[in-house]
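Before any comments, here is the structure.
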Amino acid sequence: MFLNNILSLMVPRIRKHLGTKILGVPPHTTTYEFGVDEAGRGPLAGPVVCAACYLPPGIDVQGVMDSKQITNEEAREEVYRRLTTTEGVLWQVVKAEPALIDKINILQATLAAMRLASIGLCHQLIHQNINNNKILDCHQAMQYSQIEFSSSEEELSSTFSILVDGNKDPFQGHSMTESSGLSLESRAIIGGDATVPCISAASIIAKVSRDRIMNQIHEQYPEYNFLNHKGYGTSTHRALISKYGWIEGIHRTSFNPVKTMVANHVQPRNQKILDIVSHKNDKIKSEMNAPQIDDTISLQEEMDPLDQLSVADLRSKCAALGLDTVVKRDQGPKGTGRIRTVLLERIRQHSSTDPPVLVSSSSSSSNQAKEEPVPQHDAPSSLSSEQYRRSKRHRTSNTTSTEHAMC
């Protein structure tokens with residue numbers, strides 16, 4: 001029993017390397033061919049995105065061509081939809097963020113993303129572990145590639161032919177070829193995105209995936225207009241960087257003009273915003289920690305005691321000072337608080353060194369004579385209110401007649 005278990009584990013591996021020469025059993029190998037391409041090596045901002053795509057034999061998706069030849073974004077989206085909804089088509093997308101690009105340079109970041117996308121697609125083809133709808137960054141893809149899958153006979157008898165657009169083979173001389181445990185054969189094809197269908201499909205998936213990422217960045221920073229230039233170094237984009245500054249985590253510091261700005265110690269835009277917010281928070285905290293009692297006392301000291309009196313109290317104070325307590329309709333400013341304003345003005349004028357000035361109620365008098373203050377008479381308790389008002393009008397008319405006679 002033990003010997004049978006050992007043989008069941010060893011035979012597939014021996015078959016893979018020695019084939020029919022020793023065992024005399026035909027190695028039932030399966031070869032998968034897929035294409036790899038990138039989008040976004042040249043822009044000043046955003047990630048470089050690499051895609052690996054497998055097209056089943058005999059599958060011909062309408063519109064698949066080099067993504068650079070499809071200039072309309074909506075047309076690319078339509079071809080992307082056809083690709084991703086076709087049965088049997090598998091793909092993997094990996095992005096290298098600006099931080100990695102600036103650390104190891106754009107070429108090495110692109111080759112690393114190509115390798116990880118290829119390894120991810122190999123695992124999909126073997127284990128049918130579909131991960132199409134998720135774009136992995138290089139760190140996530142590396143963790144995925146290091147998962148120890150069970151070594152099935154299908155895995156040991158599968159070979160992968162990887163066709164890469166361009167003149168650089170990402171697997172040439174790299175240790176991942178051996179460490180992956182997969183049988184890989186890779187080849188770089190110049191202009192492959194225009195001549196090899198699986199590479200064309202990979203270029204469309206990479207381009208659409210990156211455009212969607214840049215559209216999301218545009219929603220965060222609409223003033224940079226990423227929706228139109230997608231982070232490429234257009235004159236408009238360069239002018240906007242000069243106007244608003246560069247964005248940390250979005251712009252590549254190894255690309256000019258941001259490289260020069262960093263060399264000149266120009267802070268990123270989001271760091272400036274953080275500094276402003278931090279300064280405001282510190283100011284708010286200092287104001288909150290300031291003693292509130294002293295502020296209240298100073299306000300109370302500056303407040304005029306007369307402002308706290310009611311209208312009835314102001315009338316009483318006017319009466320005590322011998323001032324007129326009656327406020328006519330044409331006196332003082334219009335609106336609410338008119339009576340209070342007039343009474344306060346009389347008390348404050350009386351408190352000053354100048355004698356009180358009485359406001360004349362007759363603006364159309366031809367003689368412009370100043371009216372003498374009319375002495376106030378309290379109504380006798382024996383008279384009714386109506387009798388008191390009649391006697392008051394009588395005294396006022398007599399006084400006016402006397403003044404005219406004197407003039």
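Sequence positions, counted from 1, serve as the residue numbers for this chain.
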Atom pair [atom1] ([X]) and [atom2] ([Y]), whose distance is rounded to the nearest 0.5 Å:
X: Leu121; Y: Leu116; atom1: CG; atom2: CG; value: 12.5 Å
X: Arg115; Y: Ile162; atom1: CZ; atom2: CD1; value: 11.0 Å
X: Ser200; Y: Ile205; atom1: OG; atom2: CD1; value: 11.0 Å
X: Ile101; Y: Phe255; atom1: CD1; atom2: CZ; value: 6.5 Å
X: Arg315; Y: Ile347; atom1: CZ; atom2: CD1; value: 11.0 Å
X: Ile126; Y: Tyr32; atom1: CD1; atom2: OH; value: 7.5 Å

Does any part of the side chain of [Y], heavy atoms only, come nearer than 4.5 Å to the side chain of [X], both counted from C-beta?
X: Glu97; Y: Pro47; value: yes
X: Trp246; Y: Leu44; value: no
X: Pro43; Y: Met214; value: no
X: Ser186; Y: Val36; value: no
X: Arg252; Y: Val258; value: no
X: Ser203; Y: Asp165; value: no
X: Phe160; Y: Ser118; value: no
X: Ile250; Y: Pro98; value: no

Distance-minimising heavy-atom pair for [X] and [Y]:
X: Thr325; Y: Leu343; value: O-CD2, 4.2 Å
X: Ala194; Y: Gln69; value: CB-NE2, 4.1 Å
X: Cys50; Y: Glu38; value: SG-CB, 3.7 Å
X: Arg346; Y: Asp324; value: NH1-O, 2.6 Å
X: Asp169; Y: Ala188; value: N-CB, 4.0 Å
X: Cys198; Y: Cys53; value: CB-O, 3.9 Å

Test side chain to side chain contact (heavy atoms under 4.5 Å, CB included) applied to Val79 and Val64, step by step: CA-CA 7 Å; Val79 179; Val64 171; 4.2 Å; yes
Quick one: do [X] and [Y] make a salt bridge, cutoff under 4.0 Å?
X: Arg81; Y: Glu77; answer: no
X: Asp313; Y: Lys317; answer: no
X: Glu33; Y: Arg187; answer: no

Trace of the side chain to side chain contact (heavy atoms under 4.5 Å, CB included) decision for Tyr54 with Gln124: CA-CA 10 Å; Tyr54 168 76; Gln124 286 191 51; over 6 Å; no
Side chain to side chain contact (heavy atoms under 4.5 Å, CB included) evaluation trace for Phe171 with Ile119: CA-CA 11 Å; Phe171 289 95; Ile119 297 298; 4.2 Å; yes
Counting distance only, does the side-chain N/O of [X] pair as donor-acceptor with the main-chain N or O of [Y] below 3.5 Å?
X: Asp102; Y: Ser254; result: yes
X: Arg210; Y: Lys230; result: yes
X: Arg76; Y: Ile204; result: no

Assess whether atom [atom1] of [X] is packed by more than 12 heavy atoms of other residues, nucleotides or ligands within 6.0 Å.
X: Glu223; atom1: CD; answer: yes
X: Asn72; atom1: CG; answer: yes
X: Glu74; atom1: CD; answer: no

Leu323 vs Gln349, side chain to side chain contact (heavy atoms under 4.5 Å, CB included): CA-CA, chis, key distance, verdict: CA-CA 11 Å; Leu323 302 175; Gln349 285 181 354; over 6 Å; no
Between Phe226 and His229, ring centroids under 6.0 Å: yes
Aromatic Tyr80 / basic Arg212 pairing, under 6.0 angstrom, 45° off normal: yes
Working for side-chain hydrogen bond (donor to acceptor under 3.5 Å, both in side chains), residues Ser158 and Thr30: CA-CA 5 Å; Ser158 298; Thr30 303; 5.0 Å; no
